[in-house]
J.: 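Sharing a structure below in structure tokens format, with a few things to ask.
Note: hydrogens, waters and symmetry copies are ignored here, and every other heavy atom, side chains too, is used. Proteins get letters first, then strands, A, B, ... in listed order; numbering begins at 1 in each.
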2 protein chains.
Amino acid sequence: MAAGSLISQTAEYALRAVVCLAQHAGEACTTQIVADETHLPQGYLAKVMQSLTRAGILQSKRGLHGGFTLARPPSEISIFDVIDAVDPIRPYVTCPLDFPWHCETLCPLHRSLDDLIIGFIEQSKRTTIEDILPRDEPKPPPRRRSPRKALPRGRRRASR
Amino acid sequence: MAAGSLISQTAEYALRAVVCLAQHAGEACTTQIVADETHLPQGYLAKVMQSLTRAGILQSKRGLHGGFTLARPPSEISIFDVIDAVDPIRPYVTCPLDFPWHCETLCPLHRSLDDLIIGFIEQSKRTTIEDILPRDEPKPPPRRRSPRKALPRGRRRASR
DNA sequence: AATAAACTGGACATTGTTGTCTTTTTGTCG
DNA sequence: CGACAAAAAGACAACAATGTCCAGTTTATT
């Protein structure tokens with residue numbers, strides 16, 4: 001009933017974190033650093049990174065000078081891997097209608113939804129973290145005063 | 001962090017309801033009837049149908065012999081229309097990172113996510129309600145005793 | 001060994017989604 | 001007109017997602 005964007009907030013956070021770590025290739029980053037660079041709530045991010053670690057996408061090292069690193073090179077981590085780690089997306093295997101006679105073959109509705117989901121999954125498996133690394137380092141650009149239509153910033157919340 | 005399936009429960013309900021109404025071509029159905037046939041909670045379904053009505057997908061008629069009908073033929077209602085009515089999916093127009101310098105051009109991450117979303121939207125626009133009408137009417141089939149592996153019915157809720 | 005830095009895990013708060021219920025409004029029929 | 005059937009609207013409950021906080025554990029350094 002509210003605005004959505006297919007993937008959960010948590011999955012978005014996970015992706016930002018992984019991209020951030022990829023940019024620091026090799027060196028361990030603390031949640032604090034990642035939180036600062038990605039503008040994410042530090043506490044919650046810690047949990048997300050824990051999930052990513054348990055899923056084998058990150059490696060964690062405790063203690064002084066510890067932190068997180070990618071467990072594999074960015075080219076071997078897909079967007080799907082990251083989303084799936086924190087917010088698993090599953091095709092319909094059975095029709096969620098509890099008609100038992102729908103269980104063997106999906107009804108057309110859920111077959112179509114399944115196709116949508118599978119399409120999403122396939123495409124997200126094709127894109128790797130390497131593909132989405134920013135070219136230019138993320139530093140505040142020289143403040144150039146270009147004429148710009150002020151984009152409405154407020155959360156559009158149409159009352160309908 | 002829990003199991004998801006791209007579209008919200010509410011959107012799923014909306015689709016089931018619209019399909020149900022399409023099967024009753026023309027005749028007004030009460031929420032009670034739709035709830036019974038789709039196995040959805042009657043009270044909540046009423047709200048979902050209200051949303052669909054406000055979005056112009058359904059027409060409602062109050063009073064005795066009232067109910068809901070499709071506002072357009074099934075071939076002119078896409079899956080996207082229905083999902084969008086209850087749970088709007090929007091591409092990223094600005095980078096959700098609050099770095100102002102990300103606002104003009106999306107960063108690669110959000111450009112990729114945007115592509116995923118757009119792919120989903122496009123495909124869901126291509127599929128209409130007519131496409132997903134069940135061929136055979138949804139009646140309990142003659143109870144034939146086919147050997148069948150009892151599918152686990154319980155809600156998988158992995159504790160991780 | 002002591003200390004400080006970092007992840008881990010759990011309790012809790014807040015908010016959004018899903019679901020229920022009751023009252024009000026609108027329309028039909030006798 | 002009166003009775004009734006239905007949607008509309010709103011209050012509220014239950015539960016899951018999101019976010020905060022703190023105590024516990026591990027590790028490098030001194």
J.: State which residue, out of A:Thr31, A:Thr30, A:Leu52, fulfils the side chain to side chain contact (heavy atoms under 4.5 Å, CB included) condition with A:Phe68.
T.: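 Of the listed options, the one satisfying the test is A:Thr31.
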
J.: With a 4.0 Å cut-off, would you call A:Arg90 and A:Asp84 a salt bridge?
T.: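 Judged by the 4.0 Å cut-off on N to carboxylate O distance, A:Arg90 and A:Asp84 do form a salt bridge.
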
J.: Across the strands shown, which category fits A:Lys61 at heavy-atom distances under 4.0 angstrom: base, sugar-phosphate, nothing?
T.: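 If one applies the 4.0 Å heavy-atom cut-off, A:Lys61 turns out to touch the sugar-phosphate alone, with no base involved.
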
J.: Nearest to the side chain of A:His65 - D:dT20, D:dT29, C:dT18?
T.: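 Comparing D:dT20, D:dT29, C:dT18 against the side chain of A:His65, the answer is D:dT29.
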
J.: Which one, D:dT26, C:dG9, C:dT18, comes nearest to the side chain of A:Gln50?
T.: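 Closest of the options to the side chain of A:Gln50: C:dG9.
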
J.: Can you tell me which nucleotide in C:dT28, C:dA5, D:dT18 comes closest to the side chain of A:Ser8?
T.: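 So the nucleotide nearest the side chain must be D:dT18.
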
J.: Rounded to whole angstroms, how far apart are CG on A:Leu45 and C1' on D:dG19?
T.: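 Atom CG in A:Leu45 sits about 12 Å away from atom C1' in D:dG19.
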
J.: Please tell me which of the listed nucleotides, D:dA8, D:dA9, C:dG19, lies nearest to the side chain of B:Arg54?
T.: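 Among the listed nucleotides, the one closest to the side chain of B:Arg54 is D:dA9.
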
J.: When you check the phosphate oxygens OP1 and OP2 of D:dG19, does a side-chain N or O of A:Tyr13 lie under 4.0 Å from one of them?
T.: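 Answer yes for this pair, as a side-chain N or O of A:Tyr13 is under 4.0 Å from OP1 or OP2.
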
J.: What is the distance, to the nearest angstrom, from the CG atom on A:Leu58 to the C1' atom on C:dA6?
T.: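 Taking atom C1' of C:dA6 as the reference, CG of A:Leu58 is at 15 Å.
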
J.: Round to the nearest Å and state the distance from B:Gln59 atom CD to D:dA8 atom P.
T.: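 One finds 12 Å between P of D:dA8 and CD of B:Gln59, rounded.
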
J.: Under a 3.5 Å distance rule, please check whether B:Asp114 uses its side chain to pair with a backbone N or O of B:Tyr92 as donor and acceptor.
T.: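 Between the backbone of B:Tyr92 and the side chain of B:Asp114 there is a qualifying donor-acceptor contact (under 3.5 Å).
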
J.: In the single-linkage hydrophobic clustering (I, L, V, M, F, W, Y; side-chain heavy atoms under 4.5 Å), do A:Val18 and A:Leu133 co-cluster?
T.: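 Yes; A:Leu133 is reachable from A:Val18 via cluster members.
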
J.: Counting the atoms with a prime plus P, OP1 and OP2 as sugar-phosphate, which does A:Gly66 contact under 4.0 Å by heavy atoms, base, sugar-phosphate, or nothing?
T.: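 Sugar-phosphate contact only.
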
J.: How many whole angstroms separate atom CD of A:Gln42 from atom C1' of D:dT20?
T.: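 One finds 10 Å between C1' of D:dT20 and CD of A:Gln42, rounded.
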
J.: With hydrogens left out and only the distance checked, is there a donor-acceptor pair under 3.5 Å joining A:Arg62's side chain and the base of D:dT27?
T.: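 Absent.
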
J.: Reckon A:Thr31 has a side-chain N or O less than 4.0 Å from the OP1 or OP2 of C:dC7?
T.: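 It does, given that an N or O in the side chain of A:Thr31 lies less than 4.0 Å from OP1 or OP2 of C:dC7.
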
J.: Using atom CD of B:Gln9 as one end and atom C1' of C:dG16 as the other, report the distance to the nearest whole Å.
T.: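 In whole Å, C:dG16 C1' and B:Gln9 CD are 14 Å from each other.
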
J.: Side chain of A:Phe68: nearest nucleotide among D:dT20, C:dG9, C:dC7?
T.: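 The nucleotide sitting nearest to the side chain is C:dC7.
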
J.: Could you state the atom-to-atom distance from CD1 of A:Ile7 to C1' of D:dT18 in whole Å?
T.: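 Result: 15 Å.
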
J.: Quick one: the side chain of A:Lys47 and the base of C:dT8, do they pair up donor-acceptor inside 3.5 Å?
T.: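 Donor-acceptor pair under 3.5 Å: no.
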
J.: What's the CE-P distance between B:Met49 and D:dA6, to the nearest Å?
T.: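 It is 12 Å, rounded to the nearest whole Å.
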
J.: Provide, to the nearest angstrom, the distance between the OH atom belonging to B:Tyr44 and the P atom belonging to D:dA16.
T.: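 To the nearest whole Å, that distance equals 15 Å.
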
J.: In the structure I gave you, are the side-chain heavy atoms of B:Leu113 and A:Glu12 within less than 4.5 Å of one another anywhere?
T.: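 With C-beta onward as the side chain, the pair touches.
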
J.: Between C:dT28, D:dT18, D:dG19, which one does the side chain of A:Thr10 approach most closely?
T.: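 In terms of side-chain proximity for A:Thr10, the closest of C:dT28, D:dT18, D:dG19 is D:dT18.
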
J.: Check A:Asp81 with A:Arg72, please: is the shortest side-chain N to carboxylate O separation under 4.0 Å?
T.: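 Yes.
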
J.: Nearest to the side chain of A:Pro41, which nucleotide is it out of D:dA6, C:dA6, D:dG19?
T.: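 Among the listed nucleotides, the one closest to the side chain of A:Pro41 is D:dG19.
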
J.: Answer with base, sugar-phosphate or nothing: what part of the nucleic acid does A:Gly43 contact at a heavy-atom distance below 4.0 Å?
T.: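 Base contact - A:Gly43 has a heavy atom under 4.0 Å of at least one base atom.
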
